[in-house]
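Heads up, the thing below is written out as structure tokens.
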Amino acid sequence: MSSRHDLSPTPTLSQSHSGIPERLLAKATKAKSLVYETRTTPNSVPRQRGIAIPQGISQHRFFEALDELREELGTQHVELNDKELRSGWYMEHPNTHDMMNIVEQEELVASAVVYPACTEDVVKIVRWANKYRIPIFPISMGRNLGYGGAAPRVRGSVTVDLGRRMNKILNIDPDDHTCLIEPGVSFYALFEEVQKKGYTHIWVDVPDLGGGSIVGNTVDRGVGYTPYGDHWACHSGLEVVLPTGEVIRTGMGALPGNNTWQTFPYGFGPYSDGIFSQSNFGIVTKMGMTLMPNPGGYESFMYTFQKEENLAPLIEIIRPLRITNILENVAQLRHCLQTLAVRGLPRTTYFGGHGPIPQSIIHEELEKMPIGDCTWVYYGMSYGPTHIRKYKLDIIDKEFKKIAGARKIDPTTLPKDEYFWSRDRIAAGIPDLEELLWVNWMPNGSHVAFSPVSPIKGKDAERLYELAKKRHAEAGIDLMPAFCVGLREMHLIVEIVFDSKDAEMRKKAEICLRDMIDDAAALGYGEYRTHLVLMDQVAATYSWNDNALMKFNERLKDSLDPNGILAPGRCGIWPERYRGHGWEMGKGSGAGSEGIGVMPAGETRL
Ligand code: EUG
């Protein structure tokens, strides 16, 4: 192991919009040192391929265009990406590429990064991109880890880093329980602000790691773990810069002088918000969000289940409890390997061999841990005052104990640093930093998720688990599945942890992911969200009626973005200019992410 430690302190929220809250600084310092202990390569590596100039424009003209943009935005707000690519870590992540690259690091790389200060700046950038036909790729904060991070899909795109200067909490309404935020507001930042204002009656729903942008997570339809865990369902109102530079406000925001933007999401007429999530149809510059009322008490609980085959009957027990809100939050049902890995120690601590870690070793190690041996762990929370919780917890206990060997773990027996308490904080809307610890399972640890959705049925859970298990065994990869159970569906999240500096392992991980996507589609399952390099493949599985949905998306794309400048290829949607030029990535498309050019620029269609 190399010990090329980068010992600089983690930036805090008072220093940077993407910083760590002071209360988590010690945890960040520890997490950072664990990450760097498993690094085998320097933090940055020299570039092999030079500056990534986007296809369809000469280097000379591209540099001229950048100069023009510098005049409009200020020199310091336009940055050429000619430096070494730094991998950093979660809290000090790059904004020019995917720090958890599954393809070669210089494939998905930005040519430059620009930093708008306001919506008008975003309009200027969009008009500039149209003039020169330069692909631009907006990020809110660039922490979409597992799905591409900050990377653009088209090599050489200009990254529009919205968050660095557009990071204001524009409003928190303590009566309505709503807020209005810009793309650079992280879950950490909103939580701290709510605390600072003394709004103890308001909760923020947070995902496993709190450093992500709320806007970014929500428009990618991410999930959190309170009853408000479906972030997209909880948003109300968007401000969007269209690819041709017009600015719209959706819902009630279209009515001048309204006071209802954050309280009624639909407004009048077609509900347009949907086309600005998981798409490349617009740049969201403001978003309204509903916030949860403090339920007046809460209590986390954890059950363990002994056998692999407990999965299907357990899911059958969970469904009616979840639909009737006895199980109230988006809880997680995890495979025990993740519980072992989240201690943050490298896999070699337990096993020095090749191929998947033997189940017998996992079980021996769990035996030594406070939660004891098991195969599945359910982390849930009950909300409300004691007597209300008791009513629900008694039902849950009776139902869960129908599974032979089910154990309720008494939280008072668990040490303060047990992972359980991190889940407890998250389900109570307190953003944390523990989750990334399992990434240290591998040296230069990186992860990409396979994320299919299904109804909450035992047979669906079993089929998805079995196909993942089979493909992981073939690829020699450790299987770490977790089921996140929504009201009528569940997201299965299978995280593949790999060494991003090991090309062979990356390829194995990619093949495993592509096989699982195909296997799932053959059984009728699709993914709710995916990594940049898998988007074409996933989009192609949504093919009913001769790909009618993609044809519709392409019509929208061509009409809204006639020059094809905004995030080409995101979610598998390619503008006309790129279609038929071999840009799609999939099985057998080779290692490259690029096509063979783009349609020549005719007249600027603006
Ligand atoms: C998780 C991770 C995801 C996701 C939903 C939940 C939780 C991991 C990387 O993507 O989409 C433990």
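Both counts, for ligands and for their atoms, begin at 1 and track the order of listing. Computed from a predicted structure; not experimentally measured. Just the heavy atoms: all of them, side chains too, but no hydrogens, waters or symmetry mates, feed the values below.
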* Asp518 and Lys587 ion-paired at < 4.0 Å -> yes
* Would you please classify the geometry between the Trp438 ring and the His447 ring as parallel, tilted or perpendicular, with 30° and 60° separating the classes? => perpendicular
* Asked: Between Tyr350 and Ile357, what is the shortest heavy-atom contact and its length?
  -> CB-CD1, 4.1 Å
* To do: Taking only Lys NZ, Arg NE, NH1 and NH2, and the carboxylate oxygens of Asp or Glu, determine whether Glu104 and Arg506 approach each other closer than 4.0 Å.
  => no
Give a table of atom pairs where an N or O of ligand 1 lies under 3.5 Å from a protein N or O.
residue  : atom   : partner : partner atom : Å
ligand 1 : 10 (O) : Tyr147  : OH           : 3.0
ligand 1 : 11 (O) : Tyr147  : OH           : 2.6
ligand 1 : 11 (O) : Tyr528  : OH           : 2.4
ligand 1 : 11 (O) : Arg529  : NH1          : 3.3

* Relative to Tyr528, does Arg221 satisfy both conditions: NZ or CZ under 6.0 angstrom from the six-membered ring centre, and within 45 degrees of the ring's axis? -> no
* Asked: Mind checking whether Phe305 and Tyr378 have ring centres under 6.0 Å apart?
  -> no
